[in-house]
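Below is one structure, written out as structure tokens; the observations come after it.
Bear in mind the structure is a predicted one, so any value in this text is a computation, not a measurement. A, B, ... follow the sequence lines: proteins, then strands. Residue 1 opens every chain.
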There are 2 protein chains.
Amino acid sequence: MQIFRAFTDTARMAETGFRTYNHARPHGPWPPLADEARILVKNTGRRSTRPLRTTLADVARAAGVSINTASRAFRSPKTVRPELRLQIEEAATALHYLPNRLAGGLAGAHTGIVGVVVTSLFYSEFGETLETMQGELEAAGLHVMLGNSRYDRNEELRLVRAMLSWRPAGIGLVGVDHHPGIRELLKREQVPVVEFWDVCDDCFDCSVGMDHCRIGAIQAGHLIARDCTRIAFVGSTRNEDHRARKRLAGCMATVREQLGCELTQCTLTEGGSPELGARLARTLLESHPEIDGIACNSDVVAFGVLRTLREMGLRVPNDVKVIGFGDRAAATCMNPSLSTVIPPRSAIGEEAARMLLRRIDGGKPAIRTFDAELAARGSTGGP
Amino acid sequence: MQIFRAFTDTARMAETGFRTYNHARPHGPWPPLADEARILVKNTGRRSTRPLRTTLADVARAAGVSINTASRAFRSPKTVRPELRLQIEEAATALHYLPNRLAGGLAGAHTGIVGVVVTSLFYSEFGETLETMQGELEAAGLHVMLGNSRYDRNEELRLVRAMLSWRPAGIGLVGVDHHPGIRELLKREQVPVVEFWDVCDDCFDCSVGMDHCRIGAIQAGHLIARDCTRIAFVGSTRNEDHRARKRLAGCMATVREQLGCELTQCTLTEGGSPELGARLARTLLESHPEIDGIACNSDVVAFGVLRTLREMGLRVPNDVKVIGFGDRAAATCMNPSLSTVIPPRSAIGEEAARMLLRRIDGGKPAIRTFDAELAARGSTGGP
DNA sequence: TTGAAAGCGCTACCAG
DNA sequence: CTGGTAGCGCTTTCAA
């Protein structure tokens with residue numbers, strides 16, 4: 001038995017003696033789709049190994065219209081007579097039509113893929129931002145393809161290249177400090193880009209995030225306002241976590257300015273974790289017992305610091321005050337509750353998505369800075 | 001001026017008088033890619049609006065080989081003479097060739113996209129699992145397209161459909177309880193699927209995760225082993241969070257069996273958070289002051305419970321013992337540290353990816369259950 | 001408002 | 001080992 005597939009190829013149509021595809025066969029119910037169907041292509045007897053799936057052509061044929069009209073019925077319904085449109089929709093439902101967006105992307109102007117490369121998925125650092133961003137894009141019919149560079153610039157470059165090979169409608173990147181190759185690549189591809197979480201003026205295209213120097217300054221400023229005079233900065237400063245370094249720098253500058261002395265830096269290049277915080281705090285306080293204020297590079301680190309302080313018999317906030325960054329869920333449940341700086345996670349995700357959407361729609365690049373908010377809690381003496 | 005593009009179309013070749021594409025023009029350096037280039041298609045003067053990008057055909061021409069050979073040079077390098085391969089690679093680099101995976105996917109057997117639909121991105125519930133899974137797939141050249149159903153079955157169905165329209169090589173889904181339409185859809189598409197985090201025998205294809213009933217049983221069993229006799233279960237049981245309900249059920253059954261009494265259930269259908277835990281704990285203890293053991297549906301909820309207990313002047317573990325689920329980073333930093341059940345997050349992610357990879361490679365479906373481990377800490381009286 | 005046909009860039013098959 | 005060529009399924013002119 002020979003099953004004719006939907007086809008548009010002129011030569012084949014001529015060969016089979018049909019003038020137009022739509023009328024190649026009488027209309028009517030489509031033969032049931034056999035599982036793992038193998039079909040005969042052309043009259044050559046050659047076999048295709050791909051499953052027989054409903055295509056737009058099948059829908060068109062079943063509805064008695066041209067492929068083109070069927071396409072328009074989905075894409076711009078207003079340009080098709082309502083009655084035809086209904087027929088087409090019915091045919092699509094009956095045949096379980098599922099559009100092939102690869103084909104659509106290949107033929108069309110853009111793809112509906114947005115490549116997002118984050119630096120980490122652990123500890124939900126970007127979970128909430130990603131959730132909002134993804135939701136916003138989804139609502140516009142775009143899908144997020146996710147990459148994770150694990151704070152590795154070369155890996156990030158490779159991922160961006162990989163994303164670009166899907167011809168994305170846009171690209172999202174965490175931070176503004178990247179491998180130089182990325183700028184070159186993105187420029188050549190002329191694709192809308194949003195760098196989020198951190199901001200700068202010299203970004204590739206769009207950027208939205210926080211001034212991380214300022215966050216460090218807020219931490220130090222708050223400790224100073226609470227009468228700390230010997231301040232330490234504790235946490236992870238991975239080589240390629242530029243944002244962590246900026247927070248450190250902001251903290252350092254503020255201490256220098258307002259206190260006229262140097263910050264005690266106690267950091268390692270391994271990733272942040274409670275264990276890191278716990279270890280660093282012990283080292284720090286054994287060698288610098290005069291420390292009365294600790295700014296942590298993340299809440300997760302601060303949790304560990306609080307634990308060590310407790311173990312060492314130091315009272316918080318009386319003996320030492322502690323502030324984190326990130327406002328993780330557990331912060332309010334620590335004893336005492338952890339003061340921290342709150343990043344507007346969902347606002348950033350939402351704005352990142354919107355910027356991309358506007359750019360894809362032909363709009364201009366934009367840059368926007370969000371403020372991070374101080375949450376003064378028990379660990380620095382309360383509100 | 002008329003710029004000829006790479007083309008393979010026979011009719012056009014005939015029209016332009018060239019026998020084969022590769023020799024259509026003398027070899028040599030490719031003209032620089034003008035930004036936003038507009039090109040003349042055919043001799044009709046029609047204009048294409050798409051940017052002029054390097055295609056495989058360009059690379060082939062520059063290297064003096066057929067498109068076909070160039071393709072094989074990338075895909076299965078061994079089948080091409082080393083010296084030719086080098087030429088092709090050099091041409092690709094010189095022309096900044098970026099493969100178009102849409103085209104590859106459309107023409108080839110499968111696409112290199114894996115659609116993953118999670119129920120939440122918040123609180124990093126699946127962050128670590130996703131991180132491992134994504135990494136494992138990335139290493140195999142597959143890319144994760146991410147969807148988030150927000151615990152909504154209809155949304156999940158829509159997302160699966162959306163993912164399928166990208167003709168993914170595989171699909172990953174959180175949990176094993178889905179909208180019936182999903183089974184139908186996946187069956188029709190014959191695509192490898194892995195359901196992860198939860199397991200069951202009647203899964204679509206593959207599944208890997210934990211027995212969530214068992215997790216509830218572990219929680220209750222541990223509280224009972226620590227001499228609790230009045231046990232409550234606290235947390236969020238969203239309508240469509242079947243896993244939370246299974247943990248509740250497991251807990252309930254164990255209490256009934258071992259204690260011969262009923263569990264006090266104190267749950268709401270809103271999402272889990274410290275605030276929920278805090279509120280529920282207050283309600284619970286005001287009406288059931290006899291409670292001496294609380295199993296929480298997640299660590300995040302347990303954090304809030306601990307806070308309330310502290311505020312109410314109840315001592316943990318002396319007056320009330322508390323156990324969570326999830327082993328969030330902060331758990332060891334609570335005061336007292338939080339006992340919990342540890343899910344093997346990365347193991348699940350890794351195995352999920354591997355199962356998919358094996359299936360894509362023609363392997364058989366598999367089912368695998370991982371055990372969750374008890375972490376007995378301060379909130380239940382220590383190890 | 002509808003239809004015809006030319007691609008989009010690549011893979012896979014077959015022939016040499 | 002290499003090349004020719006027919007699609008993959010869709011969008012997009014252009015013509016009717």
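- Contact check on R53(A) versus E189(B) returns a salt bridge, with a Lys/Arg side-chain nitrogen under 4.0 Å from an Asp/Glu carboxylate oxygen.
- Protein atom CG of N100(A) is 6 Å distant from nucleotide atom P of dC10(D), rounded to whole Å.
- Atoms CZ and SG, on R183(A) and C203(A) in that order, are 8.0 Å from each other to the nearest 0.5 Å.
- Across the interface with DNA chain D, nearest-nucleotide mapping of A103(B) and P82(B) shows P82(B) to be the residue nearer the 5′ end.
- With sequence neighbours excluded, no residue satisfies side-chain contact (heavy atoms from CB on, under 4.5 Å) with T93(A).
- Within the nucleic acid shown, L84(B) comes within 4.0 Å of sugar-phosphate atoms alone, with no base atom in reach, counting heavy atoms only.
- Within the nucleic acid shown, Y97(B) comes within 4.0 Å of sugar-phosphate atoms alone, with no base atom in reach, counting heavy atoms only.
- Atom-to-atom, CZ of R167(B) to P of dG9(D) comes out at 8 Å; the value is rounded to the nearest Å.
- Closest to the side chain of L56(B), out of dC10(C), dC10(D), dG3(C), is dC10(C).
- No contact: R101(A) has no heavy atom under 4.0 Å from any strand.
- Atom pair L102(B):CG and dG7(C):P shows a separation of 20 Å (rounding to whole Å applied).
- Nearest nucleotide to the side chain of R81(A), out of dC10(C), dC10(D), dT2(C): dT2(C).
- One finds a side-chain N or O of S66(A) lying less than 4.0 angstrom from the OP1 or OP2 phosphate oxygen of dG3(C).
- For the pair L106(A) CG and dC8(C) C1', the interatomic distance rounds to 4 Å; values are reported in whole Å.
- Without hydrogens or angle criteria, R72(B) side chain to S76(B) main chain gives no donor-acceptor distance under 3.5 Å.
- Take R158(B) and apply the salt bridge (charged side-chain N to carboxylate O under 4.0 Å, His left out) test, not counting sequence neighbours, and it matches E155(B).
- Minimum atom distance to the side chain of T69(A) is reached by dG3(C), of the listed dG3(C), dG3(D), dC10(D).
- Spacing between atom CZ of R72(B) and atom C1' of dA15(C) amounts to 13 Å, rounded to whole angstrom units.
- In this structure, the CZ atom of R61(B) is 19 Å from the C1' atom of dT2(D), given to the nearest Å.
- One interatomic measurement links the two molecules: CD1 of I67(B) to P of dA6(D), which rounds to 13 Å at whole-angstrom precision.
- Note on R53(A): every side-chain N or O is 4.0 Å or more away from OP1 and OP2 of dG9(D).
- Spacing between atom CD1 of I88(B) and atom P of dC1(D) amounts to 13 Å, rounded to whole angstrom units.
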